[in-house]
Amino acid sequence: MSRYDPATLEPKWQHEWEKAGTFVARRSADKPKYYVLEMFPYPSGRIHIGHVRNYTMGDVIARYKLATGHNVLHPMGFDAFGMPAENAAMASGGHPADWTYQNIATMVAQMKPLGFGLDWSRMFATCDVEYYGQQQALFLDFLERGLVYRRAAVVNWDPVDMTVLANEQVIDGKGWRSGADVERRELTQWFFKISDFSGELLDALDRLDDWPAKVKTMQANWIGRSRGLQFGFDLVAPMADQTRIEVYTTRPDTLLGASFIGISPDHPIARALEAADPAVAEFCARARKGGTTEEAIEKAEKLGLDTGLRVRHPFDAEWQLPVWIANFILMDYGTGAIFGCPAHDARDLDFARKYHLPVISTFVPRTGAHALPEDGAPAFVPPKSETVRWTLPFAWAEEASGEQAVEAAIGFCEGRGIGQGVTKFRLRDWGLSRQRYWGCPIPVVHCDACGVVPETKENLPIELPRDVSFDIPGNPLDRHPTWRDCACPACGAPARRETDTMDTFVDSSWYFARFTAPRAQTPTDMAEAAYWMNVDQYIGGIEHAILHLLYSRFFARAMAICGHLPDTAIEPFDALFTQGMVTHAIYMTRDGAGRPVYHYPEEVTLRDGGGYLTDGRAVEIIPSAKMSKSKNNVVDPVAIIKAYGADTARWFVLSDSPPERDVEWTAAGAEATAKHLARVHRLASDIAQETSPANGADGDLLREMHKAIFDVTAGIDSFGFNAAIAKLYAFTNTLGKSTAGGTARRQAMLTLAQLMSPMTPHLAEEIWAMLGGAGLIANAPWPVADAAMLISDTVTLPIQINGKRKSEITVPKDMPKEEVEKIALADDAVQKALAGGQPKKLIVVPGRIVNVVI
RNA sequence: GCGGGCGUGAUGGAAUGGUAGACAUAUCGGACUUAAAAUCCGUGGGCCGUAUGGCCGUGGGGGUUCAAGUCCCCCCGCCCGCACCA
């Protein structure tokens, strides 16, 4: 009898799968397709245990779908452009391409021992010329259709990375990668016209039934639709060339509560006043200062300056309102001016109280006592869906919701020529130009005669030059001696290439489509795309909830417009699952100066709930922390595989915690998993030898087997991998203890192997072969639970007395209710509780429970 | 501030409104062994009890229901996202 030895059996079965082409995706008419995809990795050089969890989840789905008769597409690639490669080149003097391709080779070598059922023949990296050349073709098609354009823009400039950042890449005023304070600069940049799709991208979220609500909410907030009125206040006395102040509001229904007009310090009128009056200039300078740091926003003292200007209320020419410059109004949102309605806006109320401006309520709660903001109460700002009682309605009933009032107010104003209803979005166009080398070159040419000219497709791909240096900051393409020189595609005269490259988010915005035909001579092959798209199940981290997923949704639409994807694929990901992290405790002590010192898990012995170093010192344990090299709590998958085998790693990352939650890696847990798998192997070896005859225990075992099939299948179908694994533990225990005959036990063991095969495929193949299963278990049809076997002849019903379990009875499964009632009432515990009396009520839920109310 | 999520044994966590704590880990006890490892069996929410058993128990308080971890309301705590957004 052989021992469980993953180090020999895992490579053996990986070789068998490769030989048989088990996971090569094939189109065929006889089977439904299933496309499962995990977010592809950045080639940092090492796989992370988080990758293992991510890809294991995808692999469980892929193998399960294969066993249930699908043509499965389960590809893998690398998101390979980006800054770290350039940083490495700057640090070590190497070349980004060498660094990247070496890392990819290393990571593939680390991933293959995990036995993922991937179609490696489709692998690509986004830095492959074959890929980014097709991306350039896409760019040209987008350009032709007006989906990408060029304009001068004030951009976020990262002074450390020396590049432009998208708004989405600026976090708390700092570059998302460098962490440096972002500066504002005006540059001519390329933009994707994602804002044209704002409404569509927002509305379509409602149809993504299999996406987490959280992700949809985050995207909806990001797109940020608001419905309002754009209108103007006429200045009583024109000022410079200004006669009117344009305002946008989402609450035109509160126009009769207007108390002042607020303008941004950057508003043209403020600028004009500033030029003429040093006092105004001094105020504006002060007002602009705040609001850049989070801390300043937190303290947020409202600052205002009365300009002395007056405007007329659009409803009443006699009603004049003062114009204030206020520090809380931003020039780049809306029109840079607001009308202040202190009664229904907390911020306006703060301001009005500070500067003694009027407060006028226009509506009050529908019922109940209430204090008015006029009298010192907080601003009354109910949700717009709530019905309120209007004290100053002008186009709707006394009782109406905010939504109804807003629409009525817009209609009223439009009817009188006072402005118009406008829908605005927060989402801005996506600036994609980056002043970097290691990215996809933007395929356009600058010609003195013709201006900006798109490259012709025949000239694609525009390849990155190999001979570049990174010894000085900035973009090496700018200072390359010859690469920039080219002929204008329009007139043939000498011209210069665009030296900006594309944001790396572009690369990841269509790779899922490319996987359907990774070697096609066009960006996609429509026949392949039509067959394989959409991605049926996409799996990745929540950190991509906004950027990557929103950009991909935009790209799918743009590609459909250009004929690179079918119209059915504009929402490319049917179902999305966001998995949790793998965490690990941090072990920490402090040095003489109180600074933390981090210790590797190998240096720490755990006992009595505490951790100790070899010298006996106690360490502080911070549980469930994100893995970080600097904290010495990173678990290396390569070491885990070496110690326990891939199946143990795969099983462990799925067990214990629900997949959407974080799971804490513990040495004890990994050890326990390895022991369990060895136990299963031993059990299978024992069963392979057994010849005991059929007996009375067979039926019970087979019933349990069918229950296990049912439960495990349901678990996999619903992403309940931890629950499925719990069932597998339970069934293994049942099988181990069962006294059933050899044939029944063998059948149960084969089924157990099949049910385990998505999680621990190598061990499953080994057992399958040991017990004489036909072919590869990977290709064996998934077992089906026999409904008849799930129901036993008798059921055990708990008996509750007043809702508390007191006893139980066992009755035939289809015994009529009346009979069950009789038996329940005859039960000792019930008789004792009744003490000769009659129950008030008797509830029998057939097959579930009996409740006696006394 | 707004929006969303979560809170269950020592621990990770189960539980279509129907037996709370499946499964696993720690612990403790036992078998096997000269011994250890490995393996196997048992114990594994709290309190009372020799025991059959009883009482309490899912962050706190209230409610709906024959029945609440689950549904509703209020409060506390933690996590995530957004935010001077007009």
Side-chain angles (χ1 to χ4, degrees), chain A residues 3 212-222 224 226 228-230 247-252 262 264 290-291 294 296-302 326-330 332-341 345-348 350-351 381 383 424-426 542-543 545-546 606-609 623-624 652 655-658 660-664 666-673 675-676 678-679 682 711 714 720 722-733 736-737 796-808 829 839-845 847-854:
Chain A
R3 281 178 59 99
K214 184 189 172 99
V215 173
K216 289 192 281 186
T217 305
M218 285 166 68
Q219 291 217 355
N221 289 341
W222 191 263
S226 64
L229 182 76
Q230 173 118 21
V247 166
Y248 171 75
T249 179
T250 56
R251 293 311 297 258
S264 163
E294 214 173 359
I297 290 167
E298 204 66 39
K299 290 177 192 152
E301 208 206 334
K302 308 267 177 293
N327 65 337
F328 62 88
I329 300 164
L330 309 174
D332 58 359
Y333 194 87
T335 62
I338 61 156
F339 84 85
C341 180
D345 184 296
R347 201 186 41 201
D348 293 352
D350 270 4
F351 191 79
V381 194
K424 280 191 191 277
F425 294 93
R426 207 183 82 108
I542 187 76
E543 66 273 19
I546 298 175
L606 296 175
R607 64 182 126 88
D608 311 328
S624 296
F652 182 79
S655 64
D656 280 356
S657 283
E660 67 276 14
R661 247 188 264 179
D662 292 350
V663 64
E664 179 157 359
T666 62
E671 197 89 37
T673 298
K675 279 184 194 173
H676 175 72
R679 187 155 52 229
R682 197 161 49 238
D711 290 340
N722 57 324
I725 283 178
K727 298 291 177 194
L728 288 168
Y729 270 114
F731 182 55
T732 305
N733 292 342
K737 285 175 189 167
T796 299
L797 297 180
I799 296 182
Q800 296 181 328
I801 293 170
N802 291 341
K804 296 199 174 188
R805 185 188 173 280
K806 291 290 171 182
S807 180
E808 61 181 35
K840 276 199 204 133
K841 206 164 176 183
L842 187 57
I843 288 132
V844 176
V845 184
R848 294 223 67 109
I849 205 161
V850 178
N851 193 6
V852 185
V853 185
I854 296 170

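What you see below is based on every heavy atom in this structure, not just the backbone, and it leaves out hydrogens, waters and symmetry mates. Just so it is clear: chains get the letters A, B, ... in the order the sequence lines come, proteins before strands, and each one is counted from 1.
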Check: Considering only side-chain heavy atoms of A/Q800, which listed nucleotide, B/rA20, B/rC84, B/rA24, is closest?
Finding: B/rA20
Next item on the list: Please tell me which of the listed nucleotides, B/rC56, B/rC55, B/rC82, lies nearest to the side chain of A/R426?
Entry: B/rC82
Item checked: Nearest-angstrom distance from the residue atom CD1 of A/I843 to C1' of B/rC66 -> 3 Å
Checklist line | Spatial distance of atom CD1 (A/I329) from atom OG1 (A/T335) [nearest 0.5 Å] | finding: 9.0 Å
Checklist line | Whether A/N851 side chain and A/G803 backbone form a donor-acceptor pair below 3.5 Å | finding: yes
Next item on the list: Using the P atoms only, state how far B/rC41 lies from B/rC23, rounded to an integer number of Å.
Entry: 13 Å
Margin query: As a quick check of understanding, evaluate side chain to side chain contact (heavy atoms under 4.5 Å, CB included) for A/S655 and A/N722, giving each step before the final call.
Written below: CA-CA 4 Å; A/S655 64; A/N722 57 324; 5.7 Å; no
Next item on the list: Scan A/K675 against the nucleic acid and name what it touches under 4.0 Å (heavy atoms): base, sugar-phosphate only, or nothing.
Entry: sugar-phosphate
Margin query: Please verify the inter-ring angle class for A/F328 with A/F351; under 30° counts as parallel, over 60° as perpendicular, anything in between as tilted.
Written below: perpendicular
Note to self: Just the rounded figure in Å: distance from P of B/rA24 to OH of A/Y729.
What the structure shows: 7 Å
Note to self: If we ignore hydrogens and angles and just use 3.5 Å, is the side chain of A/T250 paired with the main-chain N or O of A/S226 as donor and acceptor?
What the structure shows: no
Item checked: Nucleotide nearest A/R805 (side chain, heavy atoms from C-beta), chosen from B/rA86, B/rU19, B/rC84 -> B/rU19
Next item on the list: Determine the interatomic distance between P on B/rG13 and the same-named atom on B/rG61; round to the nearest Å.
Entry: 25 Å
Checklist line | 5' priority, RNA chain B, between A/K214 and A/I725 [closest heavy atom] | finding: A/I725
Next item on the list: Using the P atoms only, state how far B/rU27 lies from B/rA37, rounded to an integer number of Å.
Entry: 12 Å
Margin query: Please confirm whether the shortest side-chain N or O distance from A/K727 to OP1 or OP2 of B/rA15 is below 4.0 Å.
Written below: no
Item checked: Nucleotide nearest A/A672 when distance is taken to its side chain, options B/rG18, B/rC23, B/rU25 -> B/rU25
Check: When only distance counts, do a donor and an acceptor, one from the side chain of A/R848 and one from the base of B/rU19, lie under 3.5 Å apart?
Finding: no
Next item on the list: Please tell me which of A/A213 and A/D345 maps to the more 5' nucleotide of RNA chain B, matching each residue to the nucleotide holding its nearest heavy atom.
Entry: A/A213
Notebook entry, point to check: What stems involve RNA chain B, if each pair must be Watson-Crick or G-U and both of its distances must be under 3.5 Å, with 3 or more such pairs in a row?
Noted result: B:1-7 with B:76-82, B:10-12 with B:23-25, B:28-31 with B:39-42, B:45-48 with B:53-56, B:59-63 with B:71-75
Margin query: Could you tell me if the side chain of A/I799 sits less than 4.5 Å from the side chain of A/R805, heavy atoms only?
Written below: no
Item checked: Options B/rC84, B/rC82, B/rA20, nucleotide nearest the side-chain atoms of A/R347 -> B/rC84
Item checked: Donor-acceptor pair present, A/N221 side chain and B/rC82 base, under 3.5 Å -> no
Margin query: Please give the distance between the P atoms of B/rG29 and B/rA36 as a whole number of Å.
Written below: 13 Å
Notebook entry, point to check: Can you check the A/E671 CD to B/rA38 P distance for me, whole Å?
Noted result: 8 Å
Check: Distance between the C1' atoms of B/rU19 and B/rU58, in whole angstroms?
Finding: 15 Å
Checklist line | Span that lies between the C1' atom of B/rG44 and that of B/rA24, in whole angstrom | finding: 12 Å
Notebook entry, point to check: Nearest of B/rC84, B/rU19, B/rC41 to any side-chain atom of A/K737?
Noted result: B/rC41
Check: Contact class for A/K216 vs. all strands (heavy atom < 4.0 Å): base, sugar-phosphate, or nothing?
Finding: nothing
Next item on the list: Could you please spell out the steps behind the side chain to side chain contact (heavy atoms under 4.5 Å, CB included) verdict for A/L842 and A/V853?
Entry: CA-CA 6 Å; A/L842 187 57; A/V853 185; over 6 Å; no
Give each protein N/O atom lying under 3.5 Å from an N/O atom of nucleotides 10-13 of chain B, with the pair distance.
unit_1, atom_1, unit_2, atom_2, d
B/rG12, O2', A/S657, OG, 3.3
B/rG12, N2, A/D656, OD1, 3.3

Item checked: Closest contact, heavy atoms only, A/K424 versus A/Q230 -> NZ-OE1, 3.6 Å
Margin query: When the P atoms of B/rA22 and B/rC71 are compared, how many Å lie between them, rounded to an integer?
Written below: 22 Å
Item checked: A/D348 side chain vs A/C341 backbone, donor-acceptor pair below 3.5 Å -> yes
Checklist line | Length of the CD1-P vector between A/I849 and B/rG18, whole Å | finding: 9 Å
Note to self: I need the CD1-P distance between A/I329 and B/rA86, as an integer number of Å.
What the structure shows: 13 Å
Checklist line | Side chain of A/R679 (C-beta onward), nearest among B/rC66, B/rA22, B/rC40 | finding: B/rC40
Item checked: A/Q219 CD - B/rC82 P separation (whole Å) -> 12 Å
Next item on the list: Under the side chain to side chain contact (heavy atoms under 4.5 Å, CB included) rule, what do A/V850 and A/Q800 come out as? Steps first, then yes or no, please.
Entry: CA-CA 6 Å; A/V850 178; A/Q800 296 181 328; over 6 Å; no
Notebook entry, point to check: Any side-chain heavy atom of A/K214 within less than 4.5 Å of one from A/I542?
Noted result: yes
Notebook entry, point to check: Tell me: CH2 of A/W222 to P of B/rC82, nearest whole Å?
Noted result: 7 Å
Next item on the list: Using a heavy-atom cut-off of under 4.0 Å over every strand shown, decide if A/K840 touches base, sugar-phosphate, or nothing.
Entry: nothing
Margin query: Taking B/rC84 as the reference, what is the distance to B/rC76 when you measure between their P atoms (whole Å, please)?
Written below: 26 Å
Next item on the list: Provide, to the nearest angstrom, the distance between the CZ atom belonging to A/F328 and the P atom belonging to B/rA83.
Entry: 19 Å
Notebook entry, point to check: What is the nucleic acid contact for A/V845, judged by heavy atoms within less than 4.0 Å: base, sugar-phosphate only, or nothing?
Noted result: base
Item checked: Flag side-chain contact, heavy atom, 4.5 Å: A/Y248 against A/L229 -> no
Checklist line | Chi class for B/rG9: syn within 90° of 0, otherwise anti | finding: syn
Margin query: Side-chain N or O of A/N733 versus OP1/OP2 of B/rA24: is the shortest distance under 4.0 Å?
Written below: yes
Notebook entry, point to check: Hey, does A/A723 reach any base, or is it just sugar-phosphate, or nothing, if we go heavy atoms under 4.0 Å?
Noted result: nothing
Checklist line | Atom of A/P798, atom of A/R848 and distance for their closest heavy-atom approach | finding: CD-O, 3.2 Å
